[in-house]
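Structure first, commentary second.
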Amino acid sequence: MAVCEKVENCPFFNEKMANMPATAAGYKRKFCLGNNEKCARYMVLKSLGGSMVPMDLFPNQIEKAERLILEQTI
Ligand code: SF4
């Protein structure tokens with residue numbers, strides 16, 4: 001359990017994303033303050049770089065993140 005090193009600038013954590021889900025507080029606890037390794041945004045950031053993280057990608061969208069990473073690495 002650790003605070004994600006991206007919290008300061010992360011658009012999700014700082015509520016800069018459009019259509020923030022009602023579950024945002026729970027996601028912050030689970031991913032940002034819990035296990036960022038399971039966060040979709042963090043996965044893309046670590047695999048492809050920060051510029052490749054879609055603005056509208058939410059932490060729970062693991063499948064979308066995996067698809068993006070796969071598309072870029074094959
Ligand atoms: S866990 Fe994900 S959503 Fe939370 S601060 Fe880190 S990159 Fe952003």
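Both counts, for ligands and for their atoms, begin at 1 and track the order of listing.
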Next item on the list: Would you mind listing which atoms of ligand 1 come within a distance below 4.0 Å of any non-hydrogen atom of Val7?
Entry: 5 (S)
Next item on the list: May I ask you to identify the nearest protein heavy atom to atom 2 (Fe) of ligand 1, giving residue, atom name and distance to one decimal place in Å?
Entry: Cys39 SG, 2.3 Å
Checklist line | Nearest-0.5 Å distance, CG of residue Asn36 to CZ of residue Phe13 | finding: 11.5 Å
Next item on the list: Provide the number and element of each atom of ligand 1 under 4.0 Å from a heavy atom of Cys10.
Entry: 3 (S), 5 (S), 8 (Fe)
Item checked: atom 6 (Fe) of ligand 1: the protein heavy-atom neighbour that sits closest, reported with distance to 0.1 Å -> Cys4 SG, 2.4 Å
Check: Which atoms of ligand 1 sit under 4.0 Å from any heavy atom of Phe31?
Finding: 1 (S)
Next item on the list: Rounded to the nearest 0.5 Å, what's the gap from CD on Glu37 to OH on Tyr42? Could you check?
Entry: 5.5 Å
Next item on the list: Please name the pair of heavy atoms, one in Met43 and one in Ile69, separated by the smallest distance, quoted to 0.1 Å.
Entry: O-CD1, 3.7 Å
Note to self: Side chain, backbone, both or neither: which applies to Pro59 and ligand 1 if a contact is any heavy-atom pair less than 4.0 Å apart?
What the structure shows: side chain
Check: What pairs with Lys28 under side-chain hydrogen bond (donor to acceptor under 3.5 Å, both in side chains), at least two apart in sequence or on another chain?
Finding: Glu15
Next item on the list: Taking only heavy atoms of Phe12 into account, list the atoms of ligand 1 that are under 4.0 Å away from them.
Entry: 3 (S)
Check: If you round to the nearest 0.5 Å, how far is SG of Cys4 from CG of Leu45?
Finding: 8.0 Å
Next item on the list: Any atoms of ligand 1 less than 4.0 Å from a non-hydrogen atom of Cys32? List them with their elements.
Entry: 1 (S), 3 (S), 4 (Fe), 5 (S)
Next item on the list: With heavy atoms of Asn36 as the reference, note each atom of ligand 1 found under 4.0 Å away.
Entry: 1 (S)
Check: When the ring planes of Phe12 and Tyr27 are compared, do they come out parallel, tilted or perpendicular, using 30° and 60° as the limits?
Finding: tilted
Note to self: Just checking Glu71: does its CD atom have more than 12 heavy atoms from other residues, nucleotides or ligands closer to it than 6.0 angstrom?
What the structure shows: yes
